[in-house]
Every structure is written in C-alpha cells, then in structure tokens.
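Bear in mind that the values here come from a model prediction, so they are computed numbers and not experimental data. Computed over heavy atoms, backbone and side chain alike; hydrogens, waters and symmetry mates excluded.
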Amino acid sequence: TVKNVLGDKKRTPMRKIREMYRALRLESVCTKKEILELYLNAVPLGRNLVGVGAAAEHYFGKRVADLTLCECASLAALTNSPARYDLYRQAEANRARRSLVLREMEKMGYLTKDAREAAEGQVITPIAWQNRAQKVNSWYTEQVITDVIEALKKEKKMSESEASDLLYNGGLKIYTCAVPRIQSHLEDYFEREGLFRADIHAAMTVLSSKTGRLLGIVGKEGKKEGNRLLNCASVKRPPGSAIKPLSVYAPALQEGIINYATVIDDVPVSFQKTKNGLRPWPYNYPRVYAGLTDLPDAIAYSKNTVAVKVFERLGKELSYHYISTKMHVSGIVREGKDEKGRTVTDLAPAPLALGQLTNGATLLDMTAAYGIFLEGNYRKPISFLEVYDGFGRLLLENKPQEERVLSKQNATVMTRLLQSVTSYGTASSIKLTDRIECAGKTGTSSFDRDRWFIGYTPEYIGGILCFCEGEREIGYASPSHIQVWDEIMQQLHKEDAQSSFREAEGVYRMTYCRDSGGYPCEACRLDARGERVRIGYFTESNMPRSVCDRHREFIYDEEGEGIVFDRPFLRGGRRVSLVREEERDFPMQLIVSDAQYIFRELHGAAPSTRENSAFF
C-alpha cells in the first residue's frame, strides 16, 4: 500500500527502510478497513489502470458494486502480476488464479462451498479490447497533469518518475480551475471538421481577467484521439508583433519614457548594404512608411519602426528585465549557443522589439503576460487549486501569485492604446466590440509562418496561435485566427454583464496634437489633412508638457494650387498649416506618405516642402 500510494519504486535498502517506517506510521493512524480501501484505490491493475473502480469500468463496464463474485476474483488475480494474469492475453492463467483466490476465501470462511463452486463455474466476458476506445483525457486534464507533476518536483523535491507515479497511482484528489462550459465550447469549436487547412496547427487558451486562472485550453485542432500528445499551447514559437506591448510599450510607459501622445517618425532606423543596393530596416507590413505617427496608430497598425525606436530609448536591459522577470515569459535568451556553436542573444531589437526570439514563446506564457493590462498585476496562470493525498491530507496548495508590473493608471492607458487594434487596427474585424470592449495585439512572425492574437475583455483573456511547421507560409486562411477568436469569445460572453473596462482613478482624458504630442494650438486644426487633434489618456506624471511647436500656418493659393510664402495676405487664399520636421535625411529614395504635408526650415530662405516621393 505504501509503495503504491507514494510511488517510490527505487530498488535500494533506504527505500525499504522508509517503507517500513511509513507502514508502521500508516498502521498507527488508519484502521485496517481504511488501509484496504486506500490500497484498492491505488493498486495498478494493468492497461494503465489504477484502482478497482477504473478496472471494473474498463474490463466489465460496471461499477464495483455491480460486479459478480467471479469478476471480483478475476480483478483480485491481477494484483499479483497484471501482465501475467492479463484478462485478454492470459485468460487461462487469470482463470486459474481467480480459482485460487476463491478457494482461499472458502478456507478463511468468507465463502461457502456452494458459493465458491458457483463462482468458479461462471464464465466471465470482459469487454473486447478491440471494441474498447481508450479513455482520452481532455487538453485541460493533461495540462493539470503536467502542472501537478511540476509542482510535486518543485515543492516535494521528487524526481519526474516519482511525481508521475504518485499522480497516477496515489489516489490523489485534485481540484481544478476548469470551467466546463468554456472547456466544452473550446473543444467543440476546434473539433469542427475542416476548420483549418491540413498544414495549419492551432491552439487557444482562455484565462480569467480577474484572477488569471486557466479556464479552458485546447492544444491542437481536430478531435483529440490520444493522451500526452503535442500541446501547441506549450510549444515555443516566435510571437512577432504580439511581443511589442510586453517588451517595449508597457515598460517604456511605466518608466516615463513615452506617454499616450508620444509621436515617433515612422521611417527606417537604418539602411543596410546588400548586393542589390541599400535596404531600409525595419520593414513595416505592408511596406509603407507613414511618417510622424502617434502611439495609438503605431500600435493599431503595428509599426515596426516605431517599436524599434521606442526600444532603443528604453534599452535592452530594461526590456529584458520586464518581459522575462516581471512578466515571466520563459525562454528569453540572454546569451547562449545555437546548434552550430555560435553565440546568440535576444537582447537586441529584432527579438525584443519585433518578436523574432531565438527559442520563441509559449501561448500560455504570452496570454498570462497580457493580464498585466487589466489592473497592472502579473498573475501566474494556474490550472489546479489543491491536491489531496490518498489519506485526505492537503498535499499541494496552488496559492495565487501576483506581482505588480504596472501602476493601475498605466494599465488603463495601455488598455486604451490596445483598444486601437480592435477598433480600427489590425484586428478591427472583431465583431464582439459591438457590445463588449476588447483590446489586444496581433502578431505575425517572419515569412508568415505564425499568426497570433492575444486579446482581452473585462471577463476573459484569450490567446490564439496558428502556425505552419517547416518553411510553409500560412498565406490565405479561412477562417482567420482573428475570426476564430471572435466567434469563440462571442459565445463565452453570452451571459456576461460587464461590458466595459474599469478605468483607474488618476487617469485623465485630454486632447493633444497627433503630429507633435503636445497640447493642440489653432494651427493643429488648420492642417491640410484636416483637424489633427485627438483625445488621449494620461496620468498626472505623464502627460503633455508643452503646446504643439510643429504646426506652422501658411496661405494656400487655390488658383495656383500651392503654398504661398511671400504673400501672407493673398486675396482668395485659405489658411492651412504644415508640419515641421528637420531630421529626415535618407541615402536613397523613399516614399513617406506624409511628406507632402511636411516642411523644413531653410536658413535665409523660405521653408521648403516635399513631394510624396522626394529625397529628404
């Protein structure tokens, strides 16, 4: 009993001594009947079955209480050696062994001769093995198994095999965080035939926005037909732009480096020499440079250039500290070696600002990290609450773990920024926003092999990942990962009342100029593109500190269709403003979409304006 319950099977003298001590201890705290019950619930009975309840269901399709005397004896025969007395392959050996069991029961007075002879003469018919479907655990159950084994290894200092034996054979009682309604809906949706192309793998996780608990998980598309299969929610894949809010924008906001209204010039950071000439870096997708871009638009349209420039202001050490230490995204490589022995590191713009991590990140890690945008705290995602041993004693308690990452105010600001993605940005197709506030971020890895969306509402945080193995590209896919996320989350929110994010006290709404980030002036409203004023969200310590100094008013000659510099009071002209930008200077021709609205001050001469494809 002690060996079965505790799973300690090492063949050493010390194990035997420990077993003897534990057996004496067991005798002192439990009655014989309790020890027998514990044994019957923990004894292995072949075919990966543990306990008489599982064996009765598997072999005979019955509850233990409904078994015949002969069937009980056949199960008792298995305890000596499940393989030697296997009911399918060693039926005759099992029959002989159960006869021995019945005769011993008669000798000890538990049976009459007539009862023993009747039982021996009975023919038992276990359910045919080929007709028995293997019991397949849900993706959630397998996540719990993984997490409990890891907790036993960490907290009880067990080896992998010891922890696994205890979990399967120890009669443990585990209380999970699963919500059956959510888990069932996820499984039903992902089991739809033809949901994805045959070469696309997909996974999704759903956490509680309020507690961070894991409520539902699917590790792969299609019907789950086995146990301990590859769980794509735990596979490390490059997260692409889904990393930007975690590694760049949230840390920079918390450190006071940027605010909601920060304006960055969406133009290349550098120009790299290639055999075909200069190549601008980084690219945007699509490959368009927009020029002066405020933070909401940079996040909504996933501007790579802006993310890299903010990352350079933040610094690689702070970025690494936030995402790996505070947000607990595992596998970020500070320094390591690749398979060819070359030194690699993720402390650089391409991995931390653009998501091209050496090893990638898991969907579960990324989904949990986005929880910081609700109230500012990182909450460890947990799949179980408590584990009790075979005696009913508390073995593991999975207490909530929280860590402050952002202030509540900055968490609100980040949520408002990430709402730009779902309202008019790369995830604007989401229909849930018609009745529930949503925020989140898309991500696409290089060569379009991975597509992510981590989105959240006041109730749930949902992460979805689709990827192709090898060098295949996802390309056109219907439904898209955004559509799948949207349809699942709409179903989950059918009964939820809260539809809006709670805004932290100390967050202020005020207008700002989209081209300077300062308080708007009259010229901001005369911009040739229309009024350049937007409402932003700020904290007391992180708001605009000056009035816009970039817009300058000019006269536009309607007849000549141009800006007039030497006749400021031209009759028939209308007042317009252009934006001053002095730092653009490219070594190659580059198209920047706001160029026609930009001017540069020239010493001793009138301001110069640029055409859309001009050299700067």
Side-chain angles (χ1 to χ4, degrees), residues 142-143 146-147 149-150 153-154 159-161 164 197-203 205 219-221 226 228-244 246-248 269-270 272-276 279 281-283 285 304 307-308 311-312 315-325 327-369 443-452 454 463-475 481:
E142 297 218 330
Q143 186 66 45
T146 298
D147 292 346
I149 289 175
E150 288 302 311
K153 288 164 60 179
K154 181 179 179 180
S159 67
E160 179 83 22
S161 60
S164 182
R197 285 199 327 252
D199 60 334
I200 294 179
H201 299 307
T205 56
K220 201 170 183 294
E221 74 291 345
R228 310 307 284 166
L229 304 177
L230 176 68
N231 184 344
C232 294
S234 299
V235 171
K236 285 185 167 65
R237 302 290 300 184
S241 294
I243 203 174
K244 293 173 183 175
L246 304 175
S247 59
V248 177
V269 175
S270 63
Q272 301 168 347
K273 290 184 179 180
T274 70
K275 62 181 180 180
N276 297 320
R279 182 178 66 184
W281 184 86
Y283 285 129
Y285 298 95
N304 289 336
V308 170
F311 172 80
E312 289 178 341
K316 60 185 181 182
E317 291 292 345
L318 265 178
S319 177
Y320 172 80
H321 174 68
Y322 268 87
I323 192 166
S324 63
T325 304
M327 302 175 194
H328 301 275
V329 176
S330 61
I332 310 293
V333 178
R334 185 175 185 85
E335 185 175 338
K337 299 286 185 180
D338 63 12
E339 62 274 6
K340 296 182 179 179
R342 297 171 297 191
T343 299
V344 294
T345 180
D346 285 334
L347 272 70
L352 285 180
L354 304 181
Q356 303 308 314
L357 298 174
T358 302
N359 297 325
T362 70
L363 178 63
L364 188 54
D365 276 357
M366 291 288 290
T367 308
T444 305
S445 68
S446 296
F447 308 109
D448 192 24
R449 292 171 188 156
D450 305 82
R451 292 184 185 173
W452 300 67
I454 316 293
I464 187 169
L465 164 65
C466 297
F467 66 90
C468 288
E469 292 183 350
E471 297 184 356
R472 295 182 64 88
E473 297 181 6
I474 292 180
H481 62 306

Is a side-chain N or O of Trp452 found less than 3.5 angstrom from the main chain of Pro238, in a donor-acceptor match?
yes
The single option from Leu465, Asn231, Val235 that satisfies side chain to side chain contact (heavy atoms under 4.5 Å, CB included) with Leu363 is Leu465
Between Ser445 and Gln356, does the side-chain hydrogen bond (donor to acceptor under 3.5 Å, both in side chains) criterion hold? Intermediate values first, please.
CA-CA 7 Å; Ser445 68; Gln356 303 308 314; 5.4 Å; no
Within this structure, what is the CG-CD1 distance for the pair Asp199 and Ile474, rounded to the nearest 0.5 Å?
8.5 Å
How would you list all residue pairs meeting ring-ring contact (aromatic ring centres under 6.0 Å, His included) that involve residues 328-357, not counting sequence neighbours?
His328-Tyr378
Rounded distance [0.5 Å steps], CZ in Phe311 versus OG in Ser247:
7.5 Å
Is the closest side-chain donor-acceptor distance between Lys316 and Ser319 under 3.5 Å?
no
Non-neighbouring partners of Arg342 that pass salt bridge (Lys or Arg N to Asp or Glu O under 4.0 Å), sequence neighbours left out
Asp338
Within a reach of under 6.0 Å around CZ of Phe447, are more than 12 heavy atoms found that belong to other residues, nucleotides or ligands?
no
Measuring from atom OH of Tyr285 to atom CG of Asp448, what distance do you get when rounded to the nearest 0.5 angstrom?
9.5 Å
Lys153 meets the side-chain hydrogen bond (donor to acceptor under 3.5 Å, both in side chains) criterion, sequence neighbours left out, with Glu150, Glu160
For Phe467, does the six-membered ring have the charged nitrogen or CZ of Arg451 within the cation-pi criterion, i.e. under 6.0 angstrom from the centroid and within 45° of the normal?
no
Between Arg334 and Glu317, is there a side-chain N and carboxylate O pair less than 4.0 Å apart?
yes
Point-to-point distance, once rounded to the nearest 0.5 Å, from CG of Asp365 to NZ of Lys236
6.5 Å
First locate atom CG of Leu357, then atom CD1 of Ile332, and finally report the distance between them rounded to the nearest 0.5 Å.
4.5 Å
Can you tell me how far the OG atom of Ser234 sits from the CD atom of Gln143, to the nearest 0.5 Å?
5.0 Å
